[in-house]
Amino acid sequence: MMTALLGFAVLMALCFWGFRVGFATMMVGFVGFGLERGWTASLTMVAQQVMEDSQNYSLSVIPLFILMGVFIYRSGVSTDLYDAASMGLGKYKGGLALATVVACGGFSAVCGSTLATAATMSKVAMPQMKAYNYSDRLAAGTIAAGGTLGIMIPPSVPLVIYGIIAEQDIGQLFIAGILPGILLVILFLLTVVITVRLNPDSAPAAAELPTDRKRAALRGTTPVLVLFVIVLGGIYGGVFTATEASGIGACGAAAISFLRGHLRSLSDWRVCLVDAAMTTAKIFIVLLGAVVFTQFVNLSGLPYDLLDLVDEWNLGPAGLVAFICLIALLMGMVFETIGIIVLLVPVFLPALYASDVDMIWFGIIVVLVTEIGLITPPIGMNVFVVKSVLPQVRLAEIFHGVLPYIAALFIGLLAVYFVPQIATLLPSITR
Amino acid sequence: MSRAPETSSGIRTVLNKAIWILETISSAVILIMMVVTFADVIGRYVFHKPIFGGTEIVAALLALSIFSGLGVINARDDHIVVELFESPARNLVGPLAYEVSIQIFSVVCMTLIAVVLFTQALESYEYNKLTVVLEMPVYYVSGVVAVLAVISVISQVTGVVLKILDLRTQKKADAL
């Protein structure tokens, strides 16, 4: 156990110093394994892990869902989604902020990236809210928080990575994410309503949208909704696997983008494909580093020592999950989503299995906790993304603005923790 | 006196070309992956004929996409980083020493990956390993992946050299 803890300490030190996360995890894993078992064994282990995981068919779901998100991101559909959401809500006080939450939910349902959702909505929603004198705090805070919906509402890359590490069905995880995703949207909407009640001047009512814009919004939103239904419905109905759904989704997104006047030239295609390929490579080097590190951690016996500890402390399944959540919350202040999942989940797997924890429910809990990490200081990635798109808004204002949403996320987390059916109901129907 | 900037701009041109080629390979691979996955599903449901060895093809393409993309990410040093203490660490040891320490570490790790991939490719060549469905020699993919990993190391080293040259130029300019 001490070896693994030392390994973790070295890894943290390397990451904090600024070494690239993927390389740091791989080197610590390689050296740790080498010290325990010898260098030849360690080299063989690295070779096997890197080759096996980079050619794992199930993992091809990652680049394809990323590609689907990139096509949607660049199709300009976000404006229509935002207009469609504003149609019913814009005329109320705080209505544009409500529309932002709904549009973020809708956009992330086909985009899957929190950062892309936050960046896009910063460009689409902020000018509208500024035009109606919304406070920066409410507007930017809503966008940063709304972006986090991307990792819960399927398709979600963090859920895919969790599914592969924990050997859970990705389709079931996607289905499990639907109700918690809807719950979070509702909680965020309530947060806007309460914030506006407390400070009515922060969000005046907006004017009604012209009829032609309403029609265009509905026309633009329908194909996106259809794509979402095909992808999720296909998985839900057992028509295709998550990997196949990602291929269908990417092709569908390309078609939508093409019909909207994009992807009409080779350079358009190249930009999208390169974007997706680079994001894939960035994620995979972290993933490959993590699998190597996990081999070292497993060899050190840490997961089984933790299992004994859980027995000794008499934590029980709920206590164990609460303990893991606490660690994930602390990690979330510094690490990004994928880093937390790949480092934390494998360590606790034996203890979770031995405690009979529902691994689908646990996956949703872990992703929800990492979602909180996206907007909590000091490293709140979504807050930084909004700040980079809206340099005129002070960082402190955005962090202030997301505070009520952090509370809403905690309520959502507690709800899923105490009522696991929110996550397990839909998968139990399909099983 | 002016040879250093000329050399640096020459290296930069070569690196940019290499990046462009790697980007093109990775984007073409990811496009083929999308088309194969889509065609496999359509083939199965519409024509009752899925693509033979579709999953093996997609798995191989995934590896090619990762390692061609990695070459670009390495050259641009565009990796995921925890930026919390980066600035104080940089100030503590100086920008040049900091950058050198970070980049040497990355290069060593990437070299390790390239070495193990080459060993794997050689092993599969020596034992004439074949894939299960397509019965294609395993070294076709592992060999290309190993070559891509080596290119990745080269592009990474080139990127590092350019970065260090830039920092030295900036240091000299600051001193003036």
Side-chain angles (χ1 to χ4, degrees), chain A residues 14-24 26-27 30 43-44 46-48 50-51 54-57 59-60 62-64 66-67 234 239-240 243-248 250-251 254 269-270 272-274 276-286 288-289 333-336 338-339 378-379, chain B residues 23-31 33-42 44-45 55-56 58-63 65-73 76-86 89-90 98 101-102 105-106 108-110 112-113 115-117 119-120 123 141-142 145:
Chain A
L14 291 175
C15 288
F16 286 159
W17 182 259
F19 289 105
R20 286 32 187 161
V21 174
F23 291 143
M26 188 172 287
M27 279 309 266
F30 168 69
L43 278 170
T44 311
V46 174
Q48 277 173 357
V50 171
M51 226 32 230
S54 59
Q55 285 194 74
N56 183 338
Y57 173 72
L59 288 173
S60 62
I62 297 175
L64 293 178
I66 290 172
L67 185 60
V239 180
F240 32 71
T243 311
E244 291 166 346
S246 64
I248 300 279
C251 281
W269 278 91
R270 195 174 188 279
C272 291
L273 293 165
V274 168
M278 295 311 117
T279 311
T280 303
K282 261 191 248 186
I283 291 177
F284 266 87
I285 190 66
V286 175
L288 295 176
M333 290 179 176
V334 182
F335 281 91
E336 48 72 61
I338 292 161
I379 309 277
Chain B
E23 278 183 346
T24 308
I25 294 172
S26 60
S27 51
V29 167
I30 214 166
L31 178 67
M33 204 193 298
M34 177 185 88
V35 173
V36 170
T37 313
F38 181 77
D40 194 31
V41 179
I42 299 298
R44 192 172 68 222
Y45 281 107
T55 52
E56 262 181 23
V58 170
L61 290 170
L62 176 66
S65 150
I66 295 167
F67 284 95
S68 49
L70 210 49
V72 181
I73 299 294
R76 292 190 179 136
D77 190 24
D78 192 15
H79 288 278
I80 295 173
V81 187
V82 176
E83 288 168 331
L84 191 59
F85 300 111
E86 196 189 325
R90 194 181 285 272
Y98 178 80
S101 72
I102 297 288
F105 187 87
S106 297
V108 168
C109 189
M110 198 56 222
L112 170 76
I113 296 172
V115 168
V116 296
L117 287 175
T119 319
Q120 280 268 308
E123 197 185 291
V141 176
S142 54
V145 164

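These figures come from a predicted structure and were not determined experimentally. Note that these values count all heavy atoms, side chains included, but never hydrogens, waters or copies made by symmetry. First the proteins, then the strands, lettered A, B, ... as listed; each starts at 1.
Rounded to the nearest 0.5 Å, atoms CG (B:Asp78) and NZ (A:Lys282) are 3.5 Å apart. Rounded to the nearest 0.5 angstrom, A:Leu64 CG and B:Ile30 CD1 are separated by 6.5 Å. Residue B:Ser27 holds its OG atom at 7.5 Å from CE of A:Met278, rounded to the nearest 0.5 Å. If you take CG on B:Leu70 and CZ on A:Phe284, they are separated by 11.5 Å, rounding to the nearest 0.5 Å. Distance check: B:Asp40 CG to A:Phe240 CZ gives 12.5 Å after rounding to the nearest 0.5 Å. Considering CZ of A:Phe30 and CG of B:Leu112, their distance stands at 5.0 Å, rounded to 0.5 Å.
Of the two parts of B:Gln120, only the side chain, counted from C-beta on, holds a non-hydrogen atom closer than 4.5 Å to a non-hydrogen atom of chain A. For B:Ser68, no part lies near chain A; criterion is any non-hydrogen pair under 4.5 Å. Heavy-atom distances place both the backbone and the side chain of A:Ser60 under 4.5 Å from chain B. Using a 4.5 Å cut-off between heavy atoms, A:Ile62 makes no contact with chain B at all. Interface residue A:Leu67: only side-chain heavy atoms are found under 4.5 Å from chain B. For B:Arg44, the part sitting under 4.5 Å from any heavy atom of chain A is the side chain, from C-beta outward, and nothing else. Both the backbone and the side chain of A:Val274 come within contact range of chain B, each with at least one heavy atom under 4.5 Å from a heavy atom of that chain. With a threshold of 4.5 angstrom between heavy atoms, B:Ile113 approaches chain A through side-chain atoms but not through N, CA, C or O. In this structure, chain B has heavy atoms under 4.5 Å from both the backbone and the side chain of A:Leu43. For a residue to count as touching a neighbouring chain, one of its non-hydrogen atoms must lie under 4.5 Å from one of that chain's; by this rule B:Val41 touches chain A with the side chain only.
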**Verdict with reasoning, A:Met51 to B:Leu117, per side-chain contact (heavy atoms from CB on, under 4.5 Å)** = CA-CA 7 Å; A:Met51 226 32 230; B:Leu117 287 175; 3.2 Å; yes

**Request:** Please assess A:Trp17 against B:Ile102 for the test side-chain contact (heavy atoms from CB on, under 4.5 Å), listing each intermediate value before the final yes or no.
**Result:** CA-CA 9 Å; A:Trp17 182 259; B:Ile102 297 288; 3.8 Å; yes

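For the side-chain contact (heavy atoms from CB on, under 4.5 Å) test with B:Ile80, the passing option among A:Val21, A:Ile285, A:Ile338 is A:Val21; the others fail.
When all heavy atoms of B:Phe85 and A:Phe16 are compared, the closest pair comes out as CB-O, 3.4 Å.
Your options are B:Asp77, B:Val108, B:Val141, and the one with the most heavy-atom pairs under 4.5 Å with chain A is B:Asp77.
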